[in-house]
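Report on the structure given below.
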Amino acid sequence: MRPLVACDLDRTLIYSPKAFWLETPDDLAPSIVVSELWNGVPISFMTRESERLLAALREEAEFVPVTTRTIAQYRRVQLGAAPRFAVTSNGGEILVDGERDADWGDGVRARLAAESAPLAEVHALFGDLAAAAWILKTNIADDLFVYSIVDRDLMPGEWLEELRLTCEAFGWSVSVQGRKLYCVPKVLTKREAVTEVARRLGGPCILAAGDSLLDQPMLEGADAAFRPAHGELHDAEYRAGNLEVTTLRGILAGEELLHLLQAAARA
């Protein structure tokens, strides 16, 4: 049975220019390809070697993109042929051959209604006028969670900590990834959706990669896990017995992760 590779997208597999962190002279930089367009403008990338490694990995494993992106945001990403399964909305949606699995998505929403504080209560926290200076825009993602575009330089640490405590009381978690601040119900996890995909595939070995606190449950539930040397988990110095960390950071860490996943898939 082929292993299942559950891989986060942003700052794990694909990168915005601000997250490249290339430390080589321009003439020695790796060749880079476009992975996403928004309004006709390239915004996400991977190295050409990553593109090659991903294609090779997909020959040896069941590659499953796993992302906090909404369905619409995920569909902008180009990774070659569409995978058989994809997980979006932090586990709130499973796509099968590119189409939404209504039974899974509707079931998740029913569980959230029963087990989490209402979305409207958390969304209301961002109506605080005192936060207007650093919260540039707030969105509701697929009627599941809230995320904001923020100015990290202006956002006070005290306000973020207060938000974390408030969301904790609501049964929600807070994650900051680049310019995005996420508030997500704790029962909404990538891990549960990946477990469901693995069940449908007959229970293969699970390999997982991710960089954020929202990826941690998925990494903990994997047979082997990998993270880049950057991101929330790196800042938190997250380690585990099943975890390997890249030696590189930025877009080259994405390349290194694919090498590690391929080696683990073969093993």
Side-chain angles (χ1 to χ4, degrees), residues 1-14 54 57-58 60-71 73-75 77 79 81-112 115-116 141-142 144-145 173 175 177 182 184-228 231-233 238 240-245 254 257-258 260-262 264-265 267:
M1 184 181 296
R2 300 199 313 164
L4 185 163
V5 172
C7 189
D8 175 50
L9 294 180
D10 295 281
R11 296 196 176 203
T12 297
L13 185 62
I14 62 175
L54 178 58
L57 177 63
R58 293 178 68 170
E60 303 180 50
E62 187 78 38
F63 174 71
V64 180
V66 184
T67 180
T68 307
R69 287 172 174 246
T70 65
I71 293 175
Q73 291 167 341
Y74 164 73
R75 285 177 172 157
V77 178
L79 300 173
R84 182 159 47 144
F85 293 97
V87 173
T88 72
S89 314
N90 208 63
E93 301 284 3
I94 292 176
L95 305 185
V96 182
D97 294 325
E99 298 301 321
R100 177 178 183 264
D101 184 319
D103 288 341
W104 175 262
D106 294 348
V108 166
R109 284 163 176 77
R111 183 180 172 193
L112 291 179
E115 299 181 24
S116 295
D142 288 342
L144 290 166
F145 58 89
S173 61
S175 172
Q177 302 172 38
Y182 294 91
V184 179
K186 288 189 175 182
V187 296
L188 181 66
T189 68
K190 295 178 178 181
R191 177 176 179 170
E192 289 205 11
V194 170
T195 299
E196 171 62 16
V197 172
R199 184 192 67 79
R200 297 184 190 189
L201 292 171
C205 170
I206 298 175
L207 312 175
D211 72 300
S212 78
L213 291 173
L214 294 175
D215 294 313
Q216 184 172 335
M218 177 177 74
L219 300 184
E220 291 172 343
D223 295 285
F226 307 89
R227 70 163 176 82
E232 281 188 309
L233 292 178
Y238 170 66
N242 69 335
L243 180 73
E244 187 168 352
V245 182
L257 283 169
L258 287 167
L260 294 171
L261 288 165
Q262 187 176 57

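Everything numeric in this text was worked out from a predicted model, so none of it was measured.
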Using the side chain to side chain contact (heavy atoms under 4.5 Å, CB included) rule, take Leu214 and Phe145 through it: C-alpha gap first, then chi angles, then the decisive distance, then the call.
CA-CA 12 Å; Leu214 294 175; Phe145 58 89; over 6 Å; no

Check whether any side-chain N or O of [X] sits under 3.5 Å from a backbone N or O of [Y] as a donor-acceptor pair, and report yes or no.
X      : Y     : value
Thr68  : Asn90 : no
Arg75  : Gly98 : yes
Arg200 : Phe85 : no

When rounded to the nearest 0.5 angstrom, what is the spacing between [atom1] in [X] and [atom2] in [Y]?
X      : Y      : atom1 : atom2 : result
Ile14  : Leu9   : CD1   : CG    : 5.0 Å
Asp103 : Ile94  : CG    : CD1   : 10.5 Å
Cys7   : Leu261 : SG    : CG    : 6.0 Å
Ile71  : Thr88  : CD1   : OG1   : 4.5 Å
Tyr74  : Leu79  : OH    : CG    : 6.5 Å

When you compare the side chain of [Y] with that of [X], does any pair of heavy atoms fall below 4.5 Å?
X      : Y      : answer
Val187 : Val108 : no
Glu62  : Pro204 : no
Met218 : Val87  : no
Arg58  : Pro83  : yes
Arg100 : Asp106 : yes

Electrostatic pair [X]:[Y] at N-O distance under 4.0 angstrom:
X      : Y      : result
Lys190 : Asp8   : yes
Asp142 : Arg109 : no
Glu192 : Arg111 : yes

Going by the rule side-chain hydrogen bond (donor to acceptor under 3.5 Å, both in side chains), which residues pair with [X] if we only count those two or more places apart in sequence or in a different chain?
X      : value
Thr70  : Gln73
Asp223 : none
Glu244 : none
Arg69  : Asp10, Glu36

Which heavy-atom pair separates [X] from [Y] by the least distance, and what is that distance?
X      : Y      : result
Ala265 : Leu57  : CB-CD1, 4.2 Å
Gly210 : Leu219 : N-CD2, 3.8 Å
Leu188 : Gly91  : CD1-C, 4.0 Å
Asn242 : Ala222 : ND2-O, 3.0 Å
Asp101 : Glu93  : O-OE1, 4.4 Å
Met1   : Gly202 : CE-O, 3.4 Å

Which is it for Val5 and Val64 under the side chain to side chain contact (heavy atoms under 4.5 Å, CB included) test, yes or no, and what are the steps along the way?
CA-CA 6 Å; Val5 172; Val64 180; over 6 Å; no

Could you give me the CA-CA distance, side-chain angles and deciding distance for Val197 and Leu4, then say whether side chain to side chain contact (heavy atoms under 4.5 Å, CB included) is met?
CA-CA 9 Å; Val197 172; Leu4 185 163; 3.8 Å; yes

Can you list everything that forms a ring-ring contact (aromatic ring centres under 6.0 Å, His included) with Tyr238? Sequence neighbours excluded, please.
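In terms of ring-ring contact (aromatic ring centres under 6.0 Å, His included), with neighbours along the sequence ignored, Tyr238 is linked to no residue.
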
Kindly write out the residues that satisfy side-chain contact (heavy atoms from CB on, under 4.5 Å) with Pro217, not counting sequence neighbours, or none if the list is empty.
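side-chain contact (heavy atoms from CB on, under 4.5 Å) list for Pro217, sorted by chain: Arg191.
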
So Thr67 and Val77, side chain to side chain contact (heavy atoms under 4.5 Å, CB included) or not? Walk me through it.
CA-CA 11 Å; Thr67 180; Val77 178; over 6 Å; no

